[in-house]
Amino acid sequence: MAAQIISGNEVAKSIRAELKDEVSRMKAGGITPGLVVIIVGEDAASQVYVRKKGEACQELGINSETIRLPADTKEAELLALIDKYNADEKFDGILVQLPLPKHISEEKVLLRIDPGKDVDGFHPVNVGKMVIGAADCYLPCTPHGVQELLMRSGNDPKGKHVVVLGRSNIVGKPITNILLQKAPGADATVTICHSRTKDLKEFTLRADIIVAAMGVPNFLKGDMVKDGVVIMDVGVNRISDPTAKGGCRLVGDVDFESVKEKAKAITPVPGGVGPMTITMLMKNTVKAAKIHHDWKG
Ligand code: NAP
């Protein structure tokens, strides 16, 4: 049977519609969720992400502010700005766009954000809460998006064997922790593989669900998966292709053509996991506003 192609665009659209509704109800109750995004320097990709975050806020009715700082901004100035927004009740979420210029410590910056406003979910307090399964934590956006995609596409991970490829702090480790929780949308048995894993194919062949987050173009091939596997491809890799516009195109960590022949369901790249990330940032911002205002609506 043909594989179900899971559209992140469609799922993100329906989550955004729900959030828009929720925000308008909150506004009617006198609460406007707010997000401030701080970007330091001119990194082109970061500029695009920041613009998209602002547009998403606008679409949903979230109050947003974007602070653009020059690349030579001193670390102390950035920390002082974070202190200011930590204390500003108009903003429920604070996001500092990464990467930061080399002279600024990312660790110091992330630690300075009030964990209650850390809608990126990278503060160690939120990481700890994620591990213990605390309800008031902000899950990191990309892995949270993977969980939503699984659930909303009818591929509940409960009781399944999930193999995660990659152990980064932003994708591999958090998705592992999210899916092994004793909770709805989780309850999986999770195996995590990385560059030192021996005989990786032995693990992927036994997986019911594979989350690929390695940054290696087209790594996972059809002969490495079993029939009926569900694939979440987090990888975003630019490869050269003279036939494509601009001479290159995006591919995932999964060799889509060979794997889709065996898969029950699979996310494409682009248009799969990617569109979920900013949507989950919006979800976290709305959640933060609910917590801050004790909104039960
Ligand atoms: P990362 O920090 O570079 O981590 C990559 C992980 O993959 C590491 O744990 C590494 O193992 C492992 N790995 C690399 N090559 C491997 C191999 N040949 N066999 C087994 N494991 C291997 O990457 P990341 O930040 O997690 O990102 C992963 C991918 O997801 C990238 O393509 C990135 O662009 C994409 N991404 C997409 C989104 C989105 O769609 N919104 C968000 C974030 C990331 P070691 O730990 O042993 O080095």
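The model shown is predicted, which means the values in this text are computed figures rather than measured ones. Just so you know, ligand 1 is whichever comes first in the structure, and atom 1 is the first atom listed for that ligand. Count residues from 1 along the sequence.
With hydrogens and angles left out, the side-chain atoms of S7 and N9 include no donor and acceptor closer than 3.5 Å.
Residue W295 is not grouped with residue Y138 when hydrophobic side chains (ILVMFWY) are merged at heavy-atom distances under 4.5 angstrom, including chains of intermediate members. Cluster membership for V259 and L250, using ILVMFWY side-chain heavy atoms within less than 4.5 angstrom, is not shared. Both V164 and L180 are assigned to one and the same hydrophobic cluster, defined by single-linkage of ILVMFWY side chains at heavy-atom distances under 4.5 Å.
Protein residues with a heavy atom under 4.0 Å from ligand 1 are T142, G166, R167, S168, I170, V171, H194, S195, L200, A213, M214, G215, V216, F219, V234, G235, V236, N237, G274, T277.
Counting non-hydrogen atoms of neighbouring residues, nucleotides and ligands closer than 6.0 angstrom, the CD atom of E42 reaches no more than 12 such neighbours.
For K201, the side-chain contact (heavy atoms from CB on, under 4.5 Å) partners at least two apart in sequence or on another chain are T204, L205, D223, M224.
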